Amino acid sequence: MQETHLCHRVGHLLPYSMSDSNTTHFTNPSTFILLGIPGLEAAHVWISIPFCAMYTTAVLGNFTILFIVKTEQSLHGPMYYFLCMLAVTDLVMSASTLPKMLSIFWFNSREINFSACLTQMYFIHCFSEMESGILVAMAYDRYVAICHPLRYSTTLTNSVVAKIGLAVVLRNGILALPYPFLARRWPYCSTNIIPHSYCVHIAVVKLACADIHMSSYYGLFDLFSVIGMDVFFIAVSYTQILRAIFRLPTKDARLKTFGTCISHLCAILALYIPDFFSSLTHRFVHNVPLHSLILITSVYLLVPPMLYPIIYGLRTKQIRGRLLQLFTRRET
């Protein structure tokens, strides 16, 4: 009954429909309908609780990192500049998806304008890949600091850090452009209901009544050439770091540095594993329950922005010390 009512509503939202034709064809529909998590509609309110908690933690954590680095002169260095870039990226990526998801869960506000959907699609792909690029830069920063400490200050100057940041922004800003352009060029048929909680590219283009192989191939190219190369460079950097760790003179130093590297790698895997899984499953595997797939794809939008301020920020002695100073001042 609910599904019939939804379809009835969708019919009124399609100004381009042709009722006297067997198949409805329209281009650039005015509105898409996001279903949230199909099959778990009754649990939307309960699902929203951990989602909202993670979003709030991510926002507070990343703003805290930005505030501390900005106000503490001693933290004005390459590692903390990269951390600020990561914090800004996480804030933008979270803000582009989570508010709409929560409005679906809380208020059943499922409509999204076609242009807004494409904009959200662009931001998701641009900033998730930008996050990946910054993680590569941070891995390189740690590699130079641990493996070549005497050359650190001359290798990673402010100018080099700025150029790396600009290269990451340009690379991902340009490579994400084909996603909304490809989605806009397809004709759409019969329905504009997206069985997802946000406008992920492959879920949108699957609604098209055209051969979407170009979109699928570009997504795979982007996944393996960009994200795959980022994973490769991170793996090489941390391999060299681990080799240097095992050459440290004392056991305590080895254990401490090794623990830090492992926590970094776990945080990195929280981004890449769901990304690869969702991208490949959407294209090649069709027996995974849709609600499970959507929950997994939400992980790489929710968990990394929440984890990174903790892993890269609070576990860093200088930031933790500055944060404790702020709290002790307030108490006195």
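When a residue number appears, it is its place in the shown sequence, counting from 1. None of the values given here were measured: they were computed from a predicted structure.
A donor-acceptor distance shorter than 3.5 angstrom exists from the side chain of Asn62 to the backbone of Ala58, with no hydrogens or angles considered. For Glu129 (side chain) and Phe127 (main-chain N/O), no donor-acceptor pair under 3.5 Å exists by modelled atom type. The backbone N or O of Val69 sits less than 3.5 Å from a side-chain atom of His76, completing a donor-acceptor pair. Proximity of a side-chain donor or acceptor of Tyr238 to a complementary backbone N or O of Phe233 within less than 3.5 Å is not detected.
Checking Tyr272 against Ser132 by side-chain atom types alone, a donor-acceptor pair falls below 3.5 Å. Side-chain contact check for Asp222 and Tyr179: at least one donor-acceptor pair (N or O, by modelled atom type) lies under 3.5 Å.
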Show me, pair by pair, the donor-acceptor contacts under 3.5 angstrom made by side chains of residues 290-299, not counting sequence neighbours?
| from | atom 1 | to | atom 2 | distance (Å) |
| --- | --- | --- | --- | --- |
| Thr297 | OG1 | Leu293 | O | 3.2 |
| Thr297 | OG1 | Ile294 | O | 2.8 |
| Ser298 | OG | Ile294 | O | 2.8 |

Show me the donor-acceptor pairs, under 3.5 Å and distance only, between side chains in residues 77-90 and residues at least two apart or in other chains.
| from | atom 1 | to | atom 2 | distance (Å) |
| --- | --- | --- | --- | --- |
| Tyr80 | OH | Gln318 | OE1 | 3.2 |
| Thr89 | OG1 | Met85 | O | 2.8 |

For residues 138-148, which side-chain donor-acceptor pairs fall under 3.5 Å, sequence neighbours excluded?
| from | atom 1 | to | atom 2 | distance (Å) |
| --- | --- | --- | --- | --- |
| Asp141 | OD1 | Tyr152 | OH | 2.5 |
| Tyr143 | OH | His148 | NE2 | 3.1 |
| His148 | ND1 | Arg151 | NH2 | 2.7 |

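Residues meeting the side-chain hydrogen bond (donor to acceptor under 3.5 Å, both in side chains) test with Gln120, sequence neighbours left out: none. Residues that satisfy the side-chain contact (heavy atoms from CB on, under 4.5 Å) test with Ala53, not counting sequence neighbours, are absent from this structure. Residues forming a salt bridge (Lys or Arg N to Asp or Glu O under 4.0 Å) with Arg171 (at least two apart in sequence, or on another chain): Asp230. Contacts of Tyr217 classified as ring-ring contact (aromatic ring centres under 6.0 Å, His included), with partners at least two apart in sequence or in another chain: His213. Remark: Thr157 pairs with Ser159, Val160 by the side-chain contact (heavy atoms from CB on, under 4.5 Å) rule, at least two apart or across chains.
Residue Ile234 holds its CD1 atom at 12.0 Å from NE2 of His264, rounded to the nearest 0.5 Å.
For residues 91-104, there are no salt bridge (charged side-chain N to carboxylate O under 4.0 Å, His left out) pairs, not counting sequence neighbours. For residues 104-133, every residue pair satisfying the disulfide (SG to SG under 2.5 Å) rule, not counting sequence neighbours, is listed here: Cys117-Cys199.
In the hydrophobic clustering, where aliphatic and aromatic side chains (Ile, Leu, Val, Met, Phe, Trp, Tyr) are joined below 4.5 Å either directly or transitively, Leu170 groups with Leu166. Think of Ile174 as one node in a network of Ile, Leu, Val, Met, Phe, Trp and Tyr side chains linked at under 4.5 Å; it has no links at all.
No single ILVMFWY cluster, assembled from side-chain heavy atoms under 4.5 Å apart, contains both Leu269 and Phe276.
Here the shortest heavy-atom pairing between Cys261 and Leu242 reads CB-CD2, 4.3 Å.
Classification of the Tyr188-Phe32 ring pair by plane angle, with boundaries at 30° and 60°, yields perpendicular.
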